[in-house]
Asks: 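Take this structure first; my questions come after.
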Protein chains: 2
Amino acid sequence: MNEAKAPETEKSEPIQRLGEIGLSNFAPYLMNRIMGRYNADLRQEMTGLGLTTPKMRALAVLSVIDDLPISDLAVYAVVEQSTLSRALDQLASDGLVRRGPDPNDSRVTRIGITGTGRAALDQLWPSMARVYAQMFKDIPDEERQAFVTTLQKMLKNIRKHDF
Amino acid sequence: MNEAKAPETEKSEPIQRLGEIGLSNFAPYLMNRIMGRYNADLRQEMTGLGLTTPKMRALAVLSVIDDLPISDLAVYAVVEQSTLSRALDQLASDGLVRRGPDPNDSRVTRIGITGTGRAALDQLWPSMARVYAQMFKDIPDEERQAFVTTLQKMLKNIRKHDF
DNA sequence: GATTTATAATTGCAAATGCATATTATTTTG
DNA sequence: CAAAATAATATGCATTTGCAATTATAAATC
């Protein structure tokens, strides 16, 4: 049932295979596990508020950076553009966001969060904060700060956009 | 377009809101962004091999820990049990895994990876390794090790199972 | 400045997803 | 040890997803 320990040979680096690294040393695996749980834990609360993951993510981003073009919002929120388009349909008809024109480019629709939208997110925030706190339980502030710094570097490394 | 800087007041801790923390200091946000890109980058390669994310994840886990009960595999692979069940249908009919009985509990089906399954994963591995390397580009080994250590603590903190 | 090329957003449609349920087997309880 | 509760897997079904194509606008090219 337990995963095999990799041999202690520490020679050059001939492209290790996953079995050698081990799941529990492979950062993408651990991150997927952690985020899977994080998202699953929140889904419960979101359902109660009539939100889905894409809708919640859009609101969360907009609560920090308002009035984004849909294409930018899709990047920030990590949601496919077509999925986001439909999520926004629902958010707009529930009055949580509003679509507005862009003054400079009439192809663009900018999305603004409404007071109702902020209120909905405020209702969810305690749960998000709770799961967040649980994640970092017993992890010193300094370690968490270093962790976030590494994450910021990683995002810079692999992102395809400037933000 | 840029996100607002939080005020420098460092008093007690009255439950910060997301706007105060800032997206780029909120670990779950950064992790979602990074994993979104990681998974998107791999999807291309997977499609070429007839794999989907759930199928790839199942194979990746099995390449390290073989012969798992489906319910355990679902946890390791971060895939819903019903989704995994159907992914395994396809993997089995393509000969990449095989379903076998559990000697002790006849409710359980154990999944084993086949040679063909390992071969398929081997074809994908260079891409996984490439994206992995890209993520940690210019990040010193020591920092990456510390990062993984923190991830391991986080997983322990939030996981619902013993592994 | 007309034509080609690129970008933003929406929508049609087939496939994938996840919840609830069904089925079979095991464990616990009275 | 029979009955009830729990567990593992599979499946029906409505919803969601994502790719590809569409529409509309802007930018680039000739």
Side-chain angles (χ1 to χ4, degrees), chain A residues 1 32 36-37 39-48 50-58 67-93 97-112 160-162, chain B residues 1 32 36-37 39-48 50-58 67-94 97-112 160-163:
Chain A
M1 196 66 109
N32 261 143
R37 186 107 304 286
N39 291 316
D41 284 350
L42 286 182
R43 206 174 345 256
Q44 276 190 275
E45 321 275 344
M46 292 186 312
T47 303
L51 294 177
T52 61
T53 298
K55 293 206 267 181
M56 175 274 278
R57 288 186 181 175
D67 247 343
L68 282 172
I70 292 176
S71 50
D72 288 0
L73 182 55
V75 175
Y76 276 111
V78 195
V79 176
E80 277 289 317
Q81 215 233 8
S82 62
T83 302
L84 180 59
S85 178
R86 282 181 269 242
L88 292 173
D89 288 345
Q90 296 184 240
L91 286 173
S93 76
V97 305
R98 97 190 79 72
R99 283 184 222 245
D102 183 288
N104 302 320
D105 187 335
S106 55
R107 291 171 302 182
V108 170
T109 301
R110 285 185 174 266
I111 307 297
K160 294 271 168 61
H161 298 79
D162 300 329
Chain B
M1 195 67 109
N32 260 144
R37 185 107 305 282
N39 290 317
D41 283 352
L42 286 182
R43 204 170 353 252
Q44 277 192 277
E45 321 276 343
M46 292 187 310
T47 303
L51 294 177
T52 60
T53 298
K55 293 206 270 180
M56 176 274 278
R57 288 187 181 173
D67 248 342
L68 283 172
I70 292 175
S71 51
D72 288 0
L73 182 55
V75 175
Y76 276 111
V78 195
V79 176
E80 277 290 317
Q81 194 263 327
S82 62
T83 302
L84 180 60
S85 178
R86 283 181 267 243
L88 292 173
D89 288 346
Q90 297 184 238
L91 286 172
S93 76
D94 290 348
V97 305
R98 95 190 79 72
R99 285 184 221 247
D102 183 288
N104 303 320
D105 187 336
S106 55
R107 292 172 300 182
V108 171
T109 300
R110 286 185 173 265
I111 307 297
K160 293 272 167 59
H161 298 79
D162 300 328
F163 51 84

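Just so you know, these numbers use all the heavy atoms, side chains as well, and skip hydrogens, waters and symmetry mates. Given the structure is predicted, the values throughout are model-derived calculations rather than measurements.
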Asks: Can you see if the side chain of B:Ser85 gets near the phosphate of D:dT9 - specifically, an N or O under 4.0 Å from OP1 or OP2?
Replies: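 The answer is no; no side-chain N or O of B:Ser85 sits under 4.0 Å from OP1 or OP2.
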Asks: Inspect the contact between B:Asp72 and B:Arg110 and indicate whether a charged nitrogen and a carboxylate oxygen are less than 4.0 angstrom apart.
Replies: no
Asks: For B:Asp89 and C:dA16, what is the distance between atoms CG and P respectively, to the nearest whole Å?
Replies: 12 Å
Asks: Record whether the side chain of B:Arg86 comes under 3.5 Å of the base of C:dG18 through a donor-acceptor pair of N or O atoms.
Replies: yes
Asks: Does any N or O in the side chain of B:Thr47 come within less than 3.5 Å of the main-chain N or O of B:Arg43, such that one atom is a donor and the other an acceptor?
Replies: yes
Asks: Select one nucleotide: of D:dA10, D:dA20, C:dA9, the one nearest the side-chain heavy atoms of A:Thr109.
Replies: C:dA9
Asks: Can you tell me the distance, in whole Å, between the CG atom of A:Leu88 and the P atom of C:dT11?
Replies: 12 Å
Asks: Using heavy-atom distances to pick each residue's nearest nucleotide on DNA chain D, tell me which of A:Ser106 and A:Thr53 is more 5'.
Replies: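 Result of the comparison: A:Thr53.
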Asks: Is the shortest side-chain N/O distance from A:Ser71 to OP1 or OP2 of C:dA9 below 4.0 Å?
Replies: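 So the side chain of A:Ser71 is within the cut-off, an N or O lying under 4.0 Å from OP1 or OP2 of C:dA9.
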Asks: Side chain of B:Asp105: nearest nucleotide among C:dG18, C:dT11, C:dA25?
Replies: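 Between C:dG18, C:dT11, C:dA25, the one nearest the side chain of B:Asp105 would be C:dA25.
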Asks: Between A:Arg99 and C:dT10, does any side-chain N or O lie under 4.0 Å from OP1 or OP2?
Replies: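 So the side-chain polar atoms of A:Arg99 do come within 4.0 Å of the phosphate oxygens OP1 or OP2 of C:dT10, strictly under.
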Asks: Nearest nucleotide by nearest heavy atom, which residue falls closer to the 5' end of DNA chain C, A:Val108 or A:Arg43?
Replies: A:Val108
Asks: Could one point to a donor on the side chain of A:Arg107 or the base of C:dT7 with an acceptor on the other under 3.5 Å away?
Replies: yes
